[in-house]
Amino acid sequence: MSGTSPGDPTAEAFEAQRGRLHAVAYRMLGSHADAEDAVQEAWLRLSRHDPEEIGNLAGWLTTVVGRISLDVLRSRKARPEASYDDRLPEFTVILDDAPAPDEEVALADAVGLALLTVLDSLGPGERLAFVLHDLFGVPFDEIGTILGRSGDAAKMLASRARRKVRATERPAAGGPEQRAVVQAFLAAARDGDFEGLLRVLDPDVRLTVEAPNGTTVVLGATQIASGARVASGGATRGRAALVNGLPGFVAWHEDGTPLSVLAFTVVDGRITAITAVVDPVRLAALALPAPEQEAGGPADGA
């Protein structure tokens with residue numbers, strides 16, 4: 001936790017801001033762990049300040065978290081070998097049924113997670129300006145202070161980022177067309193239909209697999225189609241899901257332990273990217289839904 005002390009007015013004021021600060025840092029950094037580190041660093045900096053010298057605590061903390069996040073983003077750009085882009089994103093998995101009211105917030109967050117892929121294409125300054133202004137309503141003058149630029153310059157960065165985001169926007173990930181493409185892929189994989197797989201795979205499709213021995217990447221429709229039947233074997237239960245807002249699939253072993261999580265990116269009727277997690281350690285760490293108790297037979301598409 002933050003190391004704050006119960007009964008300390010400064011600590012209590014900080015804790016009241018914690019959720020919002022974490023949300024800001026997470027949209028900036030794309031990692032809950034990195035976001036928590038940024039929030040913790042903000043607390044350490046606050047603890048070294050006289051609270052009476054801070055007129056607007058919420059604004060001061062937002063500025064501090066923004067600067068910390070900006071430093072992290074710039075560090076990633078300077079050291080691409082250590083970039084977060086080399087790691088698979090954290091997953092939010094929701095079964096692809098009509099959401100009950102208490103699931104709507106989680107669904108909205110998953111769709112928000114899909115935005116992180118787009119945000120990764122922005123420069124650090126653009127990302128900060130877009131996230132703080134468009135997602136959290138921070139005035140441009142305050143954003144300019146964080147960036148060391150004018151408010152007008154911050155506004156221009158946000159506008160440029162907004163254009164990039166809109167240029168990469170696609171139809172809703174959970175739309176019926178995209179779901180149909182994914183189901184066609186799963187059915188072709190189950191049946192060993194090589195030609196069927198090629199019909200739904202983009203020629204330059206990219207498969208990223210997180211396995212116990214590390215992360216591997218396979219490129220090209222032919223290569224992926226050749227291994228799809230083997231990769232889909234072993235599951236006795238499986239259900240369609242939304243994975244970080246993308247159409248996906250969760251498979252389980254007969255004993256109910258998770259076998260794999262798949263997420264698909266579909267563009268113009270073809271799958272352009274597949275992310276698969278088959279590492280039992282990573283799967284155990286995910287907050288996965290349980291398989292249906294009655295689903296004891298082979299899963300559709302498994």
Side-chain angles (χ1 to χ4, degrees), residues 1-3 14 17-49 58-92 109 112-136 138-151 153-165 167-168 206 208 210 214-217 244 273 275 277 282 285:
M1 296 298 289
S2 67
F14 177 83
Q17 297 289 327
R18 174 181 288 277
R20 184 181 62 84
L21 295 173
H22 185 94
V24 170
Y26 178 54
R27 291 307 189 272
M28 285 288 297
L29 301 174
S31 162
H32 285 297
D34 287 350
E36 186 56 38
D37 287 345
V39 173
Q40 177 67 8
E41 176 63 23
W43 161 248
L44 293 176
R45 295 188 187 185
L46 176 62
S47 68
R48 295 193 292 265
H49 264 73
W60 188 90
L61 287 170
T62 299
T63 296
V64 170
V65 168
R67 285 174 173 159
I68 294 168
S69 299
L70 187 63
D71 288 343
V72 174
L73 290 175
R74 286 171 172 168
S75 176
R76 290 177 184 170
K77 293 293 183 181
R79 298 183 295 110
E81 72 279 2
S83 172
Y84 175 74
D85 295 341
D86 294 335
R87 292 151 40 193
L88 286 178
E90 299 173 22
F91 280 173
T92 294
D109 189 53
L113 285 168
L115 176 63
L116 291 174
T117 301
V118 179
L119 294 181
D120 281 340
S121 68
L122 304 179
E126 292 174 336
R127 183 163 181 166
L128 181 120
F130 177 83
V131 168
L132 290 187
H133 182 268
D134 285 39
L135 302 186
F136 294 95
V138 177
F140 284 121
D141 286 345
E142 295 181 22
I143 297 172
T145 299
I146 298 172
L147 292 168
R149 301 188 182 191
S150 67
K155 186 175 182 179
M156 291 179 63
L157 283 171
S159 178
R160 192 163 63 203
R162 200 176 300 120
R163 287 196 298 271
K164 290 182 179 180
V165 170
T168 56
R206 175 189 179 98
T208 304
E210 184 173 345
T215 300
T216 59
V217 175
N244 288 8
T275 300
V277 176
R282 176 78 188 276

Shortest non-hydrogen contact from Phe14 toward Val39: CZ-O, 3.5 Å
Minimum heavy-atom distance between Ala154 and Gly144, given as atom pair plus value: CB-N, 3.8 Å
Check: Arg45 and Ile68 side chains under 4.5 Å, non-hydrogen atoms: yes
Side-chain heavy-atom pair Leu29, Asp37 within 4.5 angstrom cut-off: no
Criterion side chain to side chain contact (heavy atoms under 4.5 Å, CB included) on Ile146 and Leu132, from CA distance to verdict: CA-CA 11 Å; Ile146 298 172; Leu132 290 187; 3.7 Å; yes
Evaluation steps, side chain to side chain contact (heavy atoms under 4.5 Å, CB included), between Lys164 and Phe130: CA-CA 11 Å; Lys164 290 182 179 180; Phe130 177 83; over 6 Å; no
At what distance, to the nearest 0.5 angstrom, does [atom1] of [X] lie from [atom2] of [Y]?
X	Y	atom1	atom2	value
Gln40	Leu21	CD	CG	12.0 Å
Leu128	Arg74	CG	CZ	8.5 Å
Leu122	Arg160	CG	CZ	10.0 Å

Check against side chain to side chain contact (heavy atoms under 4.5 Å, CB included), Val64 and Trp60: CA-CA 6 Å; Val64 170; Trp60 188 90; 3.8 Å; yes
Evaluation steps, side chain to side chain contact (heavy atoms under 4.5 Å, CB included), between Val138 and Thr62: CA-CA 9 Å; Val138 177; Thr62 299; 4.0 Å; yes
Polar side-chain atom of Ser159 near backbone of Met156 as donor-acceptor pair, under 3.5 Å: no
Asp71 backbone acceptor or donor facing Ser75 side chain under 3.5 Å: no
Parallel, tilted or perpendicular: rings of Phe140 and His133 (30°, 60°): parallel
Partner of Met28 by side-chain contact (heavy atoms from CB on, under 4.5 Å), out of Leu73, Asp34, Val72, Leu135: Leu73
Whether over 12 other heavy atoms sit under 6.0 Å from Arg149 CZ: no
Ion pair check, Glu126 and Arg162, cut-off under 4.0 Å: no
